[in-house]
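To start, the structure itself, in structure tokens.
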Protein chains: 2
Amino acid sequence: MDNNITRFEELLVKNGLKRTGARLQVLEILSGRDSATSQPYLEQVMGKVVDRVTLYRVLQAFEEKGIIHKVLDSHGTANYAICSDGCDAHQHHDEHVHFDCDNCHKIYCLESVKIPVPKVPSGFKVQHLNLIATGICSACTDKVN
Amino acid sequence: MDNNITRFEELLVKNGLKRTGARLQVLEILSGRDSATSQPYLEQVMGKVVDRVTLYRVLQAFEEKGIIHKVLDSHGTANYAICSDGCDAHQHHDEHVHFDCDNCHKIYCLESVKIPVPKVPSGFKVQHLNLIATGICSACTDKVN
DNA sequence: ACATATTTGCAACATAATTGCAATAACATG
DNA sequence: CATGTTATTGCAATTATGTTGCAAATATGT
Ligand SMILES: [Mn+2]
Ligand SMILES: [Mn+2]
Ligand SMILES: [Zn+2]
Ligand SMILES: [Zn+2]
């Protein structure tokens, strides 16, 4: 229909969400970064043009639709990253390792790294795994050398 | 009970902490439970006898001394459990798996379950691992059957 | 019992997140 | 392109978690 429609707008429509400025802006920001983006950072860069509450609702809607996923860092701060693929409103499939760099404090989605399944005591039924590794990221390691 | 008091008092003294009511009460509560205890729960059961701020400071001191460790659940809520191993002021070594039950919402320290080390891309240097498994705990599984 | 360093309570502040409601904007329909 | 319906937003208020400064209280060695 409309060839001007961007891929973000398609994503919104596909998920039954109206294409509003706030939503497009969040998608723009998140997709332009190589690591997860914290809620405080988002709130700061989006400024007062978009209300805090709207940002929270946008993030919540995106998470529910499987457009983004949330990663809590070691301080409990919410960080968001675009889901790579296959996630939808019914299920997220991004059980990859997240890497929290002690130096630059970026949180990387290590999409290719599956979480190794631990052997839990009998009786415990594991449904989801969430592994956060902390240390020094590749970029920071390079800088030092 | 009296034995406990003595044991806890020794623990405090050993760590250069004065044995105060608030600290002993926190140790009592945490040690009497089979799973990690959330800050909100602690605040509730300790009531207004102990100020919120004092509770925060007690928890912070205990964590620094290696007496307890903090586990953030999937909502980012702080939960605390007594350290089993020889943790001290210089280092925690309780990198065990934590199990967050979807049913009873208890967080278990699976002391015996080490976190399997993931293979991260070259350049990334892992220093710590934090794995939280969610699912149904042993007690809840039993109840259903 | 006394001196002193630690610990506590209080008040104030900071930040993250949620809710209800009214105003507004998106968009399907004609 | 005007209009009606519905989703979305902004605003104000509220809740929850956590921190800081400071003065009062208390634990402890002497
Ligand atoms: Mn991710
Ligand atoms: Mn533990
Ligand atoms: Zn880094
Ligand atoms: Zn359970």
Side-chain angles (χ1 to χ4, degrees), chain A residues 1-2 4-6 8-27 36-65 67-68 70-80 89 105 107, chain B residues 5-6 8-27 36-65 67-80 89 105 107:
Chain A
M1 272 207 175
D2 195 338
N4 272 356
I5 203 167
T6 72
F8 293 149
E9 289 176 323
E10 278 175 22
L11 186 60
L12 291 179
V13 172
K14 191 178 76 183
N15 283 282
L17 299 172
K18 293 184 176 174
R19 38 192 175 159
T20 67
R23 285 170 177 166
L24 289 170
Q25 199 185 343
V26 168
L27 289 176
T37 305
S38 72
Q39 187 281 332
Y41 177 85
L42 278 170
E43 189 173 324
Q44 185 201 306
V45 301
M46 308 218 1
K48 51 180 163 45
V49 184
V50 173
D51 191 82
R52 283 168 41 76
V53 178
T54 299
L55 174 57
Y56 280 112
R57 291 194 270 228
V58 166
L59 293 171
Q60 193 182 306
F62 283 1
E63 201 183 356
E64 279 168 14
K65 296 294 187 179
I67 296 172
I68 64 177
K70 172 160 57 176
V71 190
L72 298 182
D73 66 20
S74 55
H75 306 299
T77 302
N79 287 259
Y80 297 91
H105 301 106
I107 296 183
Chain B
I5 298 290
T6 307
F8 295 150
E9 287 178 333
E10 276 175 21
L11 186 60
L12 291 180
V13 172
K14 192 178 76 184
N15 283 283
L17 298 172
K18 294 186 175 173
R19 36 193 177 163
T20 66
R23 286 170 177 166
L24 289 170
Q25 198 185 343
V26 168
L27 289 176
T37 306
S38 72
Q39 187 281 333
Y41 176 84
L42 278 170
E43 189 174 325
Q44 185 201 305
V45 301
M46 308 219 0
K48 50 181 163 45
V49 183
V50 173
D51 191 81
R52 282 168 34 78
V53 178
T54 299
L55 174 56
Y56 279 110
R57 290 195 270 228
V58 165
L59 293 171
Q60 193 181 305
F62 283 2
E63 202 184 356
E64 280 168 13
K65 297 294 186 180
I67 297 173
I68 64 176
H69 61 279
K70 171 157 62 173
V71 190
L72 297 182
D73 67 19
S74 54
H75 305 300
T77 302
N79 288 257
Y80 297 90
H105 301 107
I107 296 183

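Please read all numbers here as calculations on a predicted model, not as lab measurements. Just so we're on the same page: letters track the sequence lines, and every chain starts at 1.
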Donor-acceptor pair, side chain of [X] and main chain of [Y], under 3.5 angstrom:
{"X": "A:Glu9", "Y": "A:Thr6", "answer": "yes"}
{"X": "B:Asp73", "Y": "B:Val71", "answer": "no"}
{"X": "A:Asn15", "Y": "A:Leu17", "answer": "no"}

Notebook entry, point to check: Hey, does the side chain of A:Arg52 come within less than 4.0 Å of D:dG10's phosphate (OP1/OP2), counting only N and O?
Noted result: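 Checking A:Arg52 against D:dG10: no side-chain N or O falls below 4.0 Å of OP1 or OP2.
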Margin query: Is there a side-chain contact between A:Thr20 and the phosphate of D:dT9, meaning an N or O under 4.0 Å from OP1 or OP2?
Written below: yes
Counting the atoms with a prime plus P, OP1 and OP2 as sugar-phosphate, which does [X] contact under 4.0 Å by heavy atoms, base, sugar-phosphate, or nothing?
{"X": "B:Val13", "answer": "nothing"}
{"X": "B:Glu43", "answer": "nothing"}
{"X": "B:Arg19", "answer": "sugar-phosphate"}

Write down the distance between [atom1] ([X]) and [atom2] ([N]), rounded to a whole number of angstrom.
{"X": "B:Leu59", "N": "C:dT8", "atom1": "CG", "atom2": "C1'", "answer": "14 Å"}
{"X": "B:Lys65", "N": "C:dT6", "atom1": "NZ", "atom2": "P", "answer": "10 Å"}
{"X": "A:Leu42", "N": "C:dA17", "atom1": "CG", "atom2": "P", "answer": "11 Å"}
{"X": "B:Leu72", "N": "D:dT17", "atom1": "CG", "atom2": "P", "answer": "13 Å"}

Next item on the list: Looking only at side-chain atoms of A:Val58, point me to the closest of D:dT9, C:dA17, C:dG9.
Entry: D:dT9
Check: Of A:Lys70 and B:Leu55, whose closest DNA chain C nucleotide lies nearer the 5' terminus?
Finding: B:Leu55
Margin query: Heavy-atom nearest nucleotide on DNA chain C for A:Gln60 versus A:Gly21: which residue maps closer to 5'?
Written below: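 Per heavy-atom nearest nucleotide, the more 5' residue is A:Gln60.
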Item checked: Presence of donor-acceptor pair under 3.5 Å, side chain of A:Lys18 and base of D:dT6 ->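 Yes.
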Check: C:dG9 base to B:Arg57 side chain: any donor-acceptor pair below 3.5 Å?
Finding: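 Looking at the base of C:dG9, it does pair with a donor or acceptor on the side chain of B:Arg57 (distance under 3.5 Å).
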Next item on the list: Write down the atom of B:Arg23, the atom of B:Leu12, and the distance for their closest heavy-atom approach.
Entry: CB-CD1, 4.0 Å
Checklist line | Chi angles and distances behind the side-chain contact (heavy atoms from CB on, under 4.5 Å) call for A:Tyr80, A:Ile107 | finding: CA-CA 9 Å; A:Tyr80 297 91; A:Ile107 296 183; over 6 Å; no
